Every structure is written in structure tokens, then in C-alpha cells.
Peer 1: 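Right, I'll just put the structure down here and ask away after.
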Amino acid sequence: SQQGEEDPQALSIQEGENATMNCSYKTSINNLQWYRQNSGRGLVHLILIRSNEREKHSGRLRVTLDTSKKSSSLLITASRAADTASYFCATDAWEGNKLVFGAGTILRVKS
Amino acid sequence: EAQVTQNPRYLITVTGKKLTVTCSQNMNHEYMSWYRQDPGLGLRQIYYSMNVEVTDKGDVPEGYKVSRKEKRNFPLILESPSPNQTSLYFCASSSWGVGDTGELFFGEGSRLTVL
């Protein structure tokens with residue numbers, strides 16, 4: 001069962017601009033995580049936000065969580081060409097100890 | 001260096017020829033999991049293990065087997081591979097406990113093609 005769904009599917013921006021990706025999910029969660037994947041490589045954890053948190057920052061990343069709307073957003077500020085990658089949100093699920101991943105947003109940052 | 005190591009990274013095989021994808025982690029993690037990634041479908045969990053000798057099915061377990069005889073190793077076995085198992089496979093591990101989820105550490109992936 002796919003829980004998280006990212007929007008948009010693909011995003012193309014110029015270097016220096018901000019990139020915003022959104023994630024919606026269906027059921028209650030303990031936490032929501034964002035991961036990054038460079039083409040064909042393993043996923044790398046970016047940030048985790050717990051259900052009782054509304055906003056979290058890590059370097060150029062800002063994550064918000066709205067549990068009433070079951071949605072989250074990932075903002076990358078002052079993007080760089082090296083930020084080009086796929087970004088996935090993942091939510092935990094009580095029915096099994098696992099993270100459920102969305103289909104991802106493909107971000108392309110043009111230099 | 002903390003890492004999850006998968007082998008082989010690339011494999012082309014034929015229908016019905018049994019194969020094993022190995023996964024090893026050096027972080028003493030209790031939790032290990034296998035995912036497959038297909039275009040447009042994201043990552044789907046195949047099997048997971050909460051600890052040694054404890055394994056359970058994920059969302060897409062059909063056609064796969066796993067074992068967890070040692071804490072560090074979690075091999076994925078395809079007894080009789082079929083073309084619909086052509087995919088990119090990821091092993092992941094974490095220090096999760098029951099009902100507690102956190103960061104997953106991923107291997108670099110194993111790209112499998114079944115002809």
C-alpha cells in the first residue's frame with residue numbers, strides 16, 4: 001500500500017532558486033522522513049520530522065508537517081546543480097515495522 | 001565506515017535460475033529490510049526482519065525468500081526468477097525497535113534483469 005504521494009512528479013528550476021516538494025499521506029503516522037536518491041544510487045536520509053513537530057530545519061532544508069491535512073513539504077533553498085536528484089517522502093506504518101515510500105519527485109537544477 | 005553492502009550490484013540472469021542477493025551491514029542494526037524500486041511505483045517492501053531468526057512479509061513478498069541467521073546478514077533469495085522480478089533492489093537497515101522508526105540506511109542497490 002502506497003502511503004506517501006509526492007507532488008509534483010518532476011520539477012525543473014534554475015540554480016539559486018528555491019525548490020518546494022509536497023507529500024500527502026493517508027493514515028496516522030509517528031514520523032515522516034525525506035530521502036534523496038541520486039540516479040540509480042541508494043537512498044540517503046535527509047531529515048525526519050515527528051508527528052508532534054510542525055517545522056524542522058537542516059542546513060538549506062526546511063520541512064513542514066501538517067497532520068490535520070496529512071501533508072508535508074520539503075523546501076530546498078538556494079538550490080545548486082548538485083541538488084539534482086529524486087526526493088522521496090516516507091511515512092512509518094503501525095501495521096508493520098516499515099517505511100512506506102511515495103513515488104518521488106524528480107528535481108533538476110539547471111546551472 | 002558505517003555501511004550496507006549489497007552484492008552483486010548488477011546481474012543478468014535467465015528465467016528459473018536461482019539466485020541470491022547478499023546484504024551485510026556493519027552497524028549492529030536489529031532491523032533489516034528489502035525493497036524493490038520500479039519506475040512510477042516508488043519503493044515497495046519485500047521482506048523485513050526485526051532481529052535474528054525473525055522475518056516477516058512486506059507488501060510484495062511473492063517469489064522471494066529471505067533468511068536472518070546472523071545479525072549482520074540478510075540475503076534475498078529468488079528461487080525461480082521471472083521477468084517481472086526485473087527491478088532495482090535495495091537492502092536497508094536501522095536500529096529500530098518495535099513501534100519505533102527512524103533513519104534507514106540503504107545499500108547502493110542491485111540491478112537485476114531476468115530474461
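What you see is a predicted model; the values in this text were computed from it and never measured. All chains are named by letter (A, B, ...) in the order of the sequence lines, taking the proteins before the strands, and each is independently numbered beginning at 1.
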Peer 1: To the nearest 0.5 Å, what is the distance between CD (B:Q37) and CZ (A:F101)?
Peer 2: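 Result: 9.5 Å between the selected atoms.
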
Peer 1: For the pair B:L43 and A:L99, evaluate side chain to side chain contact (heavy atoms under 4.5 Å, CB included) and give the outcome as yes or no after the intermediate values.
Peer 2: CA-CA 9 Å; B:L43 279 83; A:L99 284 183; over 6 Å; no

Peer 1: Please check if atom CZ in A:R80 has more than 12 non-hydrogen atoms from other residues, nucleotides or ligands closer than 6.0 Å.
Peer 2: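 Counting neighbours around CZ of A:R80, 12 or fewer heavy atoms of other residues, nucleotides or ligands fall under 6.0 Å, so no.
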
Peer 1: Among the clusters formed by ILVMFWY side chains lying less than 4.5 Å apart, do A:Y87 and A:V109 turn up in the same one?
Peer 2: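 The answer is yes; both residues are in one hydrophobic cluster.
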
Peer 1: Under a 4.5 Å side-chain heavy-atom rule over Ile, Leu, Val, Met, Phe, Trp and Tyr, are B:L11 and B:I77 clustered together?
Peer 2: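 The answer is no; the residues belong to distinct hydrophobic clusters.
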
Peer 1: Would you say B:V114 ends up clustered with B:L76 if hydrophobic residues are merged whenever their side chains have heavy atoms under 4.5 Å apart, either directly or through other cluster members?
Peer 2: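 B:L76 and B:V114: one cluster.
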
Peer 1: Tell me, side chain or backbone of B:E108 under 4.5 Å from chain A's heavy atoms, or both, or neither?
Peer 2: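 B:E108 touches chain A through backbone and side-chain heavy atoms alike.
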
Peer 1: For B:L115, look at atom CG and say whether over 12 heavy atoms of other residues, nucleotides or ligands are found less than 6.0 Å away.
Peer 2: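 More than 12 heavy atoms, drawn from other residues, nucleotides or ligands, come within 6.0 Å of this atom.
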
Peer 1: Has A:R60 got more than 12 heavy atoms of other residues, nucleotides or ligands less than 6.0 Å from its CZ?
Peer 2: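 Counting neighbours around CZ of A:R60, more than 12 heavy atoms of other residues, nucleotides or ligands fall under 6.0 Å, so yes.
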
Peer 1: Quick check on A:L43 against chain B: is it the side chain, the backbone, both or neither that has a heavy atom closer than 4.5 Å?
Peer 2: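 Both parts, heavy atoms under 4.5 Å.
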
Peer 1: Could you walk me through whether A:Q37 and B:F90 satisfy the side chain to side chain contact (heavy atoms under 4.5 Å, CB included) test, starting with their C-alpha distance in whole Å, then the side-chain angles of each, then the deciding distance to 0.1 Å, before giving a yes or no?
Peer 2: CA-CA 12 Å; A:Q37 182 183 33; B:F90 288 101; 3.3 Å; yes

Peer 1: Are A:L48 and B:F105 in one and the same hydrophobic cluster, where Ile, Leu, Val, Met, Phe, Trp and Tyr link if side-chain heavy atoms are under 4.5 Å apart?
Peer 2: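 In one cluster with A:L48: B:F105, no.
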
Peer 1: Less than 4.5 Å to any heavy atom of chain B: does that hold for the side chain of A:Q9, its backbone, both, or neither?
Peer 2: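 A:Q9 has no heavy atom closer than 4.5 Å to chain B.
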
Peer 1: Which atoms form the tightest heavy-atom contact between A:A103 and B:G40, and what is the distance?
Peer 2: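 Answer, listing the atom of A:A103 first, then B:G40: CB-O, 3.8 Å.
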
Peer 1: Within a reach of under 6.0 Å around NZ of B:K65, are more than 12 heavy atoms found that belong to other residues, nucleotides or ligands?
Peer 2: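 For B:K65, atom NZ is not crowded (no more than 12 foreign heavy atoms under 6.0 Å).
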
Peer 1: Counting only non-hydrogen atoms closer than 4.5 Å, does B:L104 touch chain A with its backbone (N, CA, C, O), its side chain (CB onward), both, or neither?
Peer 2: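 Answer is both: backbone and side chain atoms of B:L104 are under 4.5 Å from chain A.
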
Peer 1: Given that the side chain runs from C-beta out, which part of B:Q6 has a heavy atom under 4.5 Å from chain A: side chain, backbone, both or neither?
Peer 2: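 No part of B:Q6 comes within 4.5 Å of chain A.
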
Peer 1: What part of B:Y35 gets within 4.5 angstrom of chain A, counting heavy atoms only: side chain, backbone, both, or neither?
Peer 2: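 Just the side chain, heavy atoms under 4.5 Å.
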
Peer 1: Please name the pair of heavy atoms, one in A:Q33 and one in B:E103, separated by the smallest distance, quoted to 0.1 Å.
Peer 2: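 Taking A:Q33 first and B:E103 second, the nearest heavy atoms are OE1-CA, 3.7 Å.
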
